[in-house]
Amino acid sequence: MNRRTVLTGVGAIAVLGAAGFGQRRWAESRYADAAASARLPMDLAAAGPARMAELVRMATLAPNSHNTQGWSFAALPDGMRIAVDPARRTPVVDPDDHHLFVSLGAAVETLIIAATAYGITASPQVAADGTVTLTYADGAAASPLLAAITRRQSHRGLYDGAPLTEADRMALTADPGLRLIEDAPTRAALRDLTVAAYGAQMADAAYRAELKSWLRFSQGAALETHDGLYSGCSGSPALPQMLGEGLFEVLVTAKGQAAALAAQIDSAPALALLVTDPDTPAGRIETGRRLARIGLAATGQGLAMAHVNPGLENAAGRLEVARLLGVTSGRPSILLRLGRAAEVMPYSLRRPPAQTLLT
Ligand SMILES: Cc1cc2nc3c(=O)[nH]c(=O)nc-3n(C[C@H](O)[C@H](O)[C@H](O)COP(=O)(O)O)c2cc1C
């Protein structure tokens with residue numbers, strides 16, 4: 001190989017490297033734009049169908065299991081109908097659709113709060129199958145939770161461990177259904193139970209396959225569907241999708257994941273439990289509504305929040321949590337960790353309203 005071919009080779013590598021870097025930066029900025037445009041401030045001048053679309057855009061910013069966005073919206077003359085989208089079920093982790101209906105409830109409540117920006121009171125009626133009809137009436141005061149809708153996110157990083165303040169406790173327990181757990185022994189017991197359940201899930205081929213189908217390892221893959229769990233939102237580096245899927249099989253072990261989850265739970269000064277009672281579609285939707293309010297209240301307080309639900313995703317775990325916390329009625333439904341986090345995490349994506357708003 002002469003000097004000229006070496007230089008040509010080095011030049012080619014430099015060009016390819018720069019192209020790869022450029023492509024990565026381009027994907028990063030397209031991802032950031034998409035996340036930001038889903039969270040633009042509400043257009044308060046919007047009317048008619050544009051207003052409906054704004055309300056759907058806000059509603060879909062709600063927390064939802066695996067970010068499957070398993071909902072659909074239909075505009076009514078003076079309201080909105082919201083139903084689950086069965087095509088977006090996750091039958092392995094959520095065989096009885098509990099999470100699906102909780103997610104729907106979170107979207108319903110977020111829409112109700114968003115509607116107050118237009119002075120609208122949206123009153124929900126839940127059918128036996130869990131379809132929700134919202135009826136609009138004029139005359140609502142803007143909700144104090146409104147401003148947090150576009151800022152709330154699930155923060156899966158480490159928290160700083162500092163105890164909640166009295167103001168945090170008051171804001172969170174404004175919802176009487178929330179059980180705050182701050183004492184160390186109970187948090188440790190819940191951690192052990194959660195970590196064991198997560199280890200078992202990650203050792204289960206069906207669970208892994210379902211999870212993998214919702215993992216988006218690169219910004220590009222996330223942008224193709226605008227749903228699912230983008231690895232950056234869990235603090236992991238972006239990778240080409242196929243490489244990520246391959247490494248997931250080899251490097252993402254039950255043991256490693258369980259240890260990471262234990263550290264995350266230990267970094268949080270508080271856990272919080274929501275109980276669904278009765279455990280019906282309507283009861284689950286009610287839980288989702290409370291979950292949405294709590295997420296927004298936490299965001300308003302500058303608190304980070306993430307779900308740590310694996311222990312509640314099997315019947316034995318739910319029984320154990322009920323025993324530990326003295327829950328005598330209903331289903332232990334949602335377990336959260338709360339605290340303050342310095343790390344800035346990317347926001348997750350949402351499908352645009354045109355994809356979920358049926359006309
Ligand atoms: C019912 C339900 C269960 C969830 N379970 C988990 C969980 O166990 N672990 C987790 O990291 N996130 C969990 N999440 C959070 C979602 O993954 C998250 O809301 C979704 O990816 C959208 O991201 P965002 O909350 O940042 O908008 C859950 C959310 C809901 C509504």
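Ligands are counted one by one from 1 in listed order, and the atoms in each one are counted from 1 as well.
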> Under 4.0 Å, heavy-atom basis, I'd like to know which part of Arg156 is in contact with ligand 1: side chain, backbone, both or neither.
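It is the side chain that gets close, since no backbone atom is under 4.0 Å.
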
> Between Ser267 and Tyr159, is there a donor-acceptor pair closer than 3.5 Å when you use the side chain of the first and the backbone of the second?
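Yes.
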
> Using a 4.0 Å cutoff against the non-hydrogen atoms of His66, which atoms of ligand 1 qualify?
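Contacts of ligand 1 toward His66, numbered from 1: 17 (O).
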
> Run through the side-chain heavy atoms of Ile, Leu, Val, Met, Phe, Trp and Tyr, join any pair under 4.5 Å, and report what else lands in Leu303's cluster.
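Cluster partners of Leu303: Val102, Leu164, Leu172, Leu178, Leu180, Leu274, Leu291, Ile294, Met305, Ile334, Leu336, Leu338.
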
> Decide whether an N or O pair under 3.5 Å exists between Arg152 and ligand 1.
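Indeed, backbone or side chain, Arg152 has an N or O that close.
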
> Give yes if a backbone or side-chain nitrogen or oxygen of Asn64 is under 3.5 Å from a nitrogen or oxygen of ligand 1, and no if not.
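Min N/O separation from ligand 1 is below 3.5 Å for Asn64.
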
> Please report which non-hydrogen protein atom sits nearest to atom 15 (C) of ligand 1, along with the residue it belongs to and the distance in Å to one decimal place.
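Here the nearest protein heavy atom works out to His307 CD2, 3.6 Å.
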
> Identify, by atom number and element, the atoms of ligand 1 in contact range of Leu229, meaning under 4.0 Å from any of its heavy atoms.
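Result: 17 (O), 21 (O).
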
> Establish, from distance only, whether the side-chain atoms of Thr276 and Ser333 form a donor-acceptor pair under 3.5 Å.
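There is such a pair between these side chains.
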
> Taking a cutoff of less than 4.0 Å between a non-hydrogen atom of the residue and any ligand atom, is Arg350 in contact with ligand 1?
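Judged by the 4.0 Å heavy-atom criterion, Arg350 does count as contacting ligand 1.
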
> Using a strict cut-off of 4.0 Å, indicate which atoms of ligand 1 neighbour a heavy atom of Ile334.
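Those atoms are 1 (C).
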
> Can Arg208 be said to sit on top of Phe248's aromatic six-ring, NZ or CZ under 6.0 Å from centre and within 45° of the ring axis?
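Pair Arg208/Phe248 counts as cation-pi.
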
> Could you list the atoms of ligand 1 found under 4.0 angstrom from a heavy atom of Pro63?
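Listed by number with element: 19 (O), 31 (C).
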
> Would you mind listing which atoms of ligand 1 come within a distance below 4.0 Å of any non-hydrogen atom of Ser103?
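This gives 31 (C) as the contact atoms.
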
> Please identify which atoms of ligand 1 are closer than 4.0 Å to at least one heavy atom of Ser348.
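Near Ser348, meaning under 4.0 Å from one of its heavy atoms, ligand 1 has 22 (C), 23 (O), 24 (P), 26 (O), 27 (O).
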
> If you look only at pairs with a residue in residues 250-259, which of them pass as a side chain to side chain donor-acceptor pair (under 3.5 Å), with sequence neighbours excluded?
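Non-adjacent pairs meeting side chain to side chain donor-acceptor pair (under 3.5 Å): Tyr198-Gln257.
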
> State, yes or no, whether a side-chain contact exists between Tyr118 and Leu55 at a heavy-atom distance under 4.5 Å.
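They are in contact (side-chain heavy atoms under 4.5 Å apart), so the answer is yes.
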
> Which of the numbered atoms in ligand 1 are below 4.0 angstrom from a heavy atom of Gln153?
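Per the distance check, 26 (O).
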
> Quick one: do Asp43 and Arg57 make a salt bridge, cutoff under 4.0 Å?
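The answer is no: the pair does not qualify as a salt bridge.
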
> What do you reckon, does Asn309 have a nitrogen or oxygen under 3.5 Å from a nitrogen or oxygen of ligand 1?
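Yes, there is a polar N/O contact under 3.5 Å.
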
> Does a donor on one side chain sit under 3.5 Å from an acceptor on the other, for His99 and Glu313?
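There is such a pair (donor and acceptor under 3.5 Å, judged by atom type) between the side chains of His99 and Glu313.
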
> When you compare ligand 1 with Ser154, is there at least one nitrogen or oxygen pair between them that comes in under 3.5 angstrom?
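N/O-N/O distance under 3.5 Å: yes.
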
> Under a 4.0 Å threshold between the charged nitrogen and the carboxylate oxygen, would Arg89 count as salt-bridged to Asp94?
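Judged by the 4.0 Å cut-off on N to carboxylate O distance, Asp94 and Arg89 do not form a salt bridge.
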
